[in-house]
Undergrad: 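Sharing a structure below in structure tokens format, with a few things to ask.
The shown structure was predicted, so the numbers you read here are calculated from the model rather than taken from an experiment. Note that ligands are numbered from 1 as they come in the structure, with each ligand's atoms numbered from 1 the same way.
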Amino acid sequence: MFGSSTQTVPEAKRVPRHVAIIMDGNGRWAKKRFLPRVAGHKRGFEAVRETVKACSELGVEFLTLFAFSTENWRRPADEVSFLMEMFLRALENEVVRLGRNNIRLKVIGSRERFPAGIAERIAAAEASTAANTGLTLTIAADYGGRWDVMQAANQLLAEGCTELTEDALSSRLSMAYAPEPDLFIRTGGEVRISNFLLWQLAYTELHFTDLLWPDFGPAALDQAISSYQSRERRFGRTSEQLPDSERRS
Ligand code: IPE
Ligand code: IPE
Ligand code: MG
């Protein structure tokens, strides 16, 4: 298990170990071109491929992409089914490519509302990439930060736990296999978390860009990482307490 940023100060690395992204703006990208919203989701998928490749090449260890939130079920039924279909097809078609690139796939979120067949495909895709030792790519689908904290707390209750601790709770979160994100990116211009990784973002550096997700790629990722590298990560300490290599002013 990885240390918690509120209990021990994480090791600072130049390249963020864990990047978490809210991929927003597909609909607006399409609207600007007088295309249906789903055309934006299709192009967004290309941006996913490019970003996965770029992170892998940079030596990022964990990349987590928010693909569908617990609140996205509120969208029109035809958009939801298009997204489900796209997810299903990606699970079928991309696994070979992930294997070639030594990428381990994980999917987090509640699986209860997915159409039949998706849960099995997820399990198969995770199993067939489980031994890969490169980038761990996590797709958050039917995911919500509150859902995650609640399911962790419920697991503890079911185990008969009578007192909660940070360690106990965080070890039952759906991403207990990864360190907390170092860098959070949200595209699309909105400045909010939209129920993404609420617990894990406690000390994450936040980066917001107006670029719409289909326009995101290696150059925008480099910009986000440069911004990250210019930040002083104090985790509650004063600047003077930091080692010289971590001081930014
Ligand atoms: C993000 O793009 C993709 C999903 C939430 C699935 P949006 O579809 O939210 O695009 P905008 O925000 O409407 O432009
Ligand atoms: C956040 O985007 C969720 C995903 C990218 C999957 P939304 O477009 O759903 O967020 P809001 O509704 O603008 O907050
Ligand atoms: Mg949106």
Side-chain angles (χ1 to χ4, degrees), residues 18-52 54-55 62-91 93-94 105-115 118-119 121-122 137-151 173-175 178 181 183-201 204-217 220-221 224:
H18 184 175
V19 177
I21 309 183
I22 297 189
M23 312 182 286
D24 196 19
N26 293 349
R28 279 163 286 165
W29 182 93
K31 194 171 178 186
K32 270 189 6 195
R33 288 161 180 78
F34 305 100
L35 294 168
R37 290 179 56 82
V38 296
H41 296 317
K42 267 195 214 157
R43 274 302 283 265
F45 191 67
E46 301 305 318
V48 169
R49 280 210 187 104
E50 284 191 35
T51 305
V52 170
C55 281
F62 298 88
L63 171 66
T64 302
L65 301 175
F66 203 6
F68 194 86
S69 74
T70 45
E71 290 69 55
N72 286 145
W73 294 106
R74 296 170 179 161
R75 292 191 177 198
D78 56 345
E79 181 169 341
V80 170
S81 33
F82 180 89
L83 288 167
M84 290 301 141
E85 189 54 40
M86 222 173 84
F87 186 39
L88 201 61
R89 251 183 291 137
L91 285 170
N93 301 334
E94 300 296 314
L105 179 74
K106 294 278 209 179
V107 178
I108 55 166
S110 161
R111 291 174 194 183
E112 282 167 15
R113 289 162 85 181
F114 280 149
I118 289 206
R121 301 263 169 85
I122 291 173
L137 169 65
T138 301
I139 304 296
D142 195 8
Y143 179 86
R146 289 190 180 175
W147 164 82
D148 202 0
V149 173
M150 292 308 294
Q151 67 78 26
L173 291 174
S174 52
M175 257 208 320
L183 172 62
F184 159 101
I185 301 170
R186 181 173 186 144
T187 62
E190 311 297 352
V191 188
R192 54 177 172 252
I193 305 289
S194 297
N195 197 16
F196 195 25
L197 303 159
L198 299 178
W199 176 279
Q200 298 90 332
L201 292 176
T204 302
E205 296 299 328
L206 308 178
H207 177 84
F208 296 91
T209 164
D210 288 335
L211 271 184
L212 302 172
W213 176 251
D215 294 326
F216 192 87
L221 179 70

Undergrad: Taking 4.0 angstrom as the limit, do Arg89 and Glu94 come out as a salt bridge?
TA: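 Looking at Glu94 together with Arg89, the answer is no, because their closest N to O distance does not fall below 4.0 Å.
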
Undergrad: Show me which atoms of ligand 1 lie under 4.0 Å from any heavy atom of His41.
TA: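 Matching atoms, with element in brackets: 3 (C), 8 (O).
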
Undergrad: Is the Mg ion (ligand 3) less than 2.8 Å from at least one N/O/S atom of Glu190?
TA: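 No - counting backbone and side chain alike, Glu190 has no N, O or S atom under 2.8 Å.
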
Undergrad: May I ask you to check if ligand 1 and Asn26 share an N or O to N or O distance below 3.5 Å?
TA: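 Asn26 vs ligand 1: N/O contact under 3.5 Å present.
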
Undergrad: Heavy-atom distances under 4.0 Å are what count here, so tell me which part of Arg186 touches ligand 2: side chain, backbone, both or neither.
TA: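 Side chain only.
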
Undergrad: So which of Phe82, Trp73, Phe114 actually passes ring pair (Phe, Tyr, Trp, His ring centres under 6.0 Å) with Phe68?
TA: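 That would be Trp73.
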
Undergrad: Nearest non-hydrogen atom to atom 11 (P) of ligand 2 belongs to which of Ser194, Gly189, Gly188?
TA: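 It is Ser194 that holds the nearest heavy atom.
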
Undergrad: Numbering the atoms of ligand 2 from 1, which are under 4.0 Å from a heavy atom of Phe68?
TA: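 So the atoms of ligand 2 that pass are 6 (C).
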
Undergrad: Can you say whether the rings of Tyr143 and Trp147 are parallel (under 30°), tilted (30 to 60°) or perpendicular (over 60°)?
TA: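 Tyr143 vs Trp147 ring planes: perpendicular.
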
Undergrad: Test your reading of the model: is there a side-chain donor-acceptor pair from Arg28 to the backbone of Gly188, 3.5 Å cut-off?
TA: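 Here the side-chain-to-backbone pair exists.
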
Undergrad: Is there a nitrogen or oxygen of Arg37 sitting under 3.5 Å from a nitrogen or oxygen of ligand 1?
TA: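 Yes: some nitrogen or oxygen of Arg37 is under 3.5 Å from one in ligand 1.
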
Undergrad: Quick one: which of Gly27, Gly44, Ala141, Ala67 has a heavy atom closest to atom 6 (C) of ligand 1?
TA: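 The nearest heavy atom belongs to Ala67.
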
Undergrad: So which N/O/S atom does Asp24 have closest to the Mg ion (ligand 3)?
TA: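 This turns out to be OD1.
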
Undergrad: Do Asp142 side-chain atoms and Ser69 backbone N/O form a donor-acceptor pair below 3.5 Å?
TA: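 Checking the backbone N and O of Ser69 against the side chain of Asp142, no donor-acceptor pair under 3.5 Å is found.
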
Undergrad: Could you go step by step and tell me if Trp199 and Asp148 meet the side chain to side chain donor-acceptor pair (under 3.5 Å) rule?
TA: CA-CA 9 Å; Trp199 176 279; Asp148 202 0; over 6 Å; no

Undergrad: Backbone or side chain, does any N or O of Ser69 fall under 3.5 Å from an N or O of ligand 2?
TA: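 No; the residue has no nitrogen or oxygen that sits under 3.5 Å from a nitrogen or oxygen of the ligand.
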
Undergrad: Should the ring pair Phe184 and Phe196 be called parallel, tilted or perpendicular, given that the plane angle runs from 0 to 90° and is split at 30 and 60?
TA: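 Aromatic pair Phe184/Phe196 classed tilted.
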
Undergrad: Considering only the protein, which heavy-atom contact is closest to atom 7 (P) of ligand 1, and what is its distance?
TA: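 Heavy-atom neighbour on the protein nearest atom 7 (P) of ligand 1: Asp24 OD1, 3.5 Å.
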
Undergrad: So if I count the atoms of ligand 2 from 1 in the order they appear, which ones are less than 4.0 Å from some heavy atom of Arg192?
TA: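 Selected atoms, number and element: 11 (P), 13 (O), 14 (O).
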
Undergrad: Need the ligand 1 atom indices (1-based, order shown) with element for anything under 4.0 Å from a heavy-atom of Arg28.
TA: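 Atoms satisfying the 4.0 Å criterion: 11 (P), 12 (O), 14 (O).
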
Undergrad: Who gets closest to atom 8 (O) of ligand 1 by heavy atom: Glu79, Lys31, Arg75?
TA: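 Checking each option, the heavy atom nearest atom 8 (O) of ligand 1 is found in Arg75.
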
Undergrad: Touching ligand 2 at all, Arg74? Heavy atoms, strictly under 4.0 Å?
TA: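 For ligand 2, residue contact (heavy atoms, under 4.0 Å) with Arg74 is absent.
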
Undergrad: Considering only non-hydrogen protein atoms, determine which one is nearest to atom 1 (C) of ligand 2 and report residue, atom name and distance to 0.1 Å.
TA: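 Scanning the protein heavy atoms, the shortest distance from atom 1 (C) of ligand 2 goes to Ile22 CG2, 3.8 Å.
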
